[in-house]
Amino acid sequence: MAFDYRDNRFHPEARLPRDERAELADYVGGGFDRGHMAPSGDMTTPENDFETFSLANMVPQDGALNRSGWASLEQYVRSLAITLGSVFVVTGPSYETRKLRSLRGRVLVPRHVWKAVYVPGQGAGAWIATNEARSRWRVLSVAALTARTGVDPFPALSAEEKRRVPRFPLFGEPEDDRSGRQ
């Protein structure tokens, strides 16, 4: 079921102090899209959709990645939720470098973006993509994602569940990712 509430009114997050929040001007001429972490297409009310356009829900994302592969991943995860009924999703940026890039010296540009999915009874897994036009994708276990990013998206899962990658359809075959690096 699709909802057509897309608001498109990007806005700074007024609840954050001015010196700690992104502003619309930060993205102007920066060469990046404002990439949603929680997608607008998942929202079921106009109010919730408007909140997804807060810059606190954005990262600088390569336009080709944002409008193609990432949009396809969001649609796939949305279809999983519709088909299976119960899907837990955590999305985030990964910086993984000592040479951080930023927009106007204020908004950090992630090197990768990732999305982790847990389907009760089927397992959990994650996708990670380089934040560039010719993005490289990798399918990871939750354990590998955690080792790589320092974020455990599903802390209540057992260590065994975190090591396995489920066999529900993914954008690629799960890889043996012991190093956690691309």
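Nothing fancy with the numbering, it's 1 onward along the sequence.
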Peer 1: Evaluate the criterion side-chain contact (heavy atoms from CB on, under 4.5 Å) for residue pair F32 and V107; output intermediate values, then yes/no.
Peer 2: CA-CA 11 Å; F32 289 92; V107 179; over 6 Å; no

Peer 1: Within this structure, what is the CE-OG1 distance for the pair M58 and T52, rounded to the nearest 0.5 Å?
Peer 2: 5.5 Å

Peer 1: Kindly indicate, with the supporting measurements, whether the criterion side chain to side chain donor-acceptor pair (under 3.5 Å) is fulfilled by T45 and N48.
Peer 2: CA-CA 5 Å; T45 69; N48 290 346; 3.3 Å; yes

Peer 1: Nearest 0.5 Å, what's the OG1-CH2 distance between T91 and W70?
Peer 2: 5.5 Å

Peer 1: Using 30° and 60° as the class boundaries, would you call the ring planes of H36 and F10 parallel, tilted or perpendicular?
Peer 2: tilted

Peer 1: Quick check: are there more than 12 heavy atoms from other residues, nucleotides or ligands sitting under 6.0 Å from CZ of R101?
Peer 2: no

Peer 1: So does R21 get a backbone contact from the side chain of R106, meaning a donor-acceptor N/O pair under 3.5 Å?
Peer 2: yes

Peer 1: Roughly how far, to the nearest 0.5 Å, is CZ of R111 from CG of L100?
Peer 2: 11.0 Å

Peer 1: Which heavy-atom pair separates Q61 from G35 by the least distance, and what is that distance?
Peer 2: OE1-CA, 3.4 Å

Peer 1: Is it true that a side-chain atom of N131 and a backbone atom of P60 form a donor plus acceptor pair closer than 3.5 Å?
Peer 2: yes

Peer 1: If you look at every heavy atom in Y27 and D33, which pair is closest and at what distance?
Peer 2: CE2-O, 3.8 Å

Peer 1: For a side-chain contact (heavy atoms from CB on, under 4.5 Å) check, start with the C-alpha distance between R104 and V28, then their side-chain angles and the critical distance, and finish with the verdict.
Peer 2: CA-CA 9 Å; R104 297 188 179 228; V28 174; 4.1 Å; yes

Peer 1: For the OG atom of S158 and the CZ atom of R163, what is their distance to the nearest 0.5 Å?
Peer 2: 7.5 Å

Peer 1: Any donor-acceptor pair under 3.5 Å linking the side chain of D62 with the backbone of A133?
Peer 2: yes

Peer 1: So, does T130 use its side chain to make a donor-acceptor pair with the main chain of H112 at under 3.5 Å?
Peer 2: no

Peer 1: Do the rings of F154 and Y118 sit parallel, tilted or perpendicular, given the 30° and 60° boundaries?
Peer 2: tilted

Peer 1: Do L108 and V113 share a hydrophobic cluster (ILVMFWY, side-chain heavy atoms under 4.5 Å, transitive)?
Peer 2: no

Peer 1: Identify whether L84 and W127 are in the same connected component of the hydrophobic contact network (ILVMFWY, side-chain heavy atoms under 4.5 Å).
Peer 2: yes

Peer 1: Would you say R34's side chain and L55's backbone share a donor-acceptor pair under 3.5 angstrom?
Peer 2: no

Peer 1: To the nearest 0.5 Å, what is the distance between CG on L145 and CZ on R138?
Peer 2: 12.0 Å

Peer 1: So do the side chains of E51 and M43 get within less than 4.5 Å of each other, counting heavy atoms only?
Peer 2: no

Peer 1: To check you understand the geometry: which heavy-atom pair defines the closest contact between R78 and P39, and what is its length?
Peer 2: NH2-CB, 3.8 Å

Peer 1: What about F88 and L157, same hydrophobic cluster or not, with Ile/Leu/Val/Met/Phe/Trp/Tyr joined at side-chain heavy-atom distances under 4.5 Å?
Peer 2: yes

Peer 1: Quick one: does T146's side chain have a donor or acceptor within less than 3.5 Å of a partner on V151's backbone?
Peer 2: yes

Peer 1: Using the rule that two of Ile, Leu, Val, Met, Phe, Trp, Tyr join whenever any of their side-chain heavy atoms come within less than 4.5 Å, decide whether L73 and L80 are in one cluster.
Peer 2: yes

Peer 1: Specify the closest pair of heavy atoms between P12 and L24, including all atoms of both residues, with the distance to one decimal.
Peer 2: CD-CG, 4.3 Å

Peer 1: What closest approach, in Å, do A81 and V87 show between heavy atoms, and which atom pair accounts for it?
Peer 2: CA-CG2, 3.6 Å

Peer 1: Are any side-chain N or O atoms of N57 and backbone N or O atoms of A38, one a donor and one an acceptor, separated by less than 3.5 Å?
Peer 2: yes

Peer 1: Is there a side-chain contact between L140 and V165 in this structure, where contact means two heavy atoms from C-beta onward sitting under 4.5 Å apart?
Peer 2: no

Peer 1: Rounded to the nearest 0.5 Å, how far apart are CZ of R67 and CG of L65?
Peer 2: 10.0 Å

Peer 1: Regarding E132 and R134, does a basic nitrogen lie under 4.0 Å from an acidic carboxylate oxygen?
Peer 2: no

Peer 1: With the 4.5 Å side-chain cut-off for hydrophobic clustering, are V89 and V139 part of the same group?
Peer 2: yes

Peer 1: What's the shortest heavy-atom distance between F53 and S40, and which atoms?
Peer 2: CE1-OG, 3.7 Å

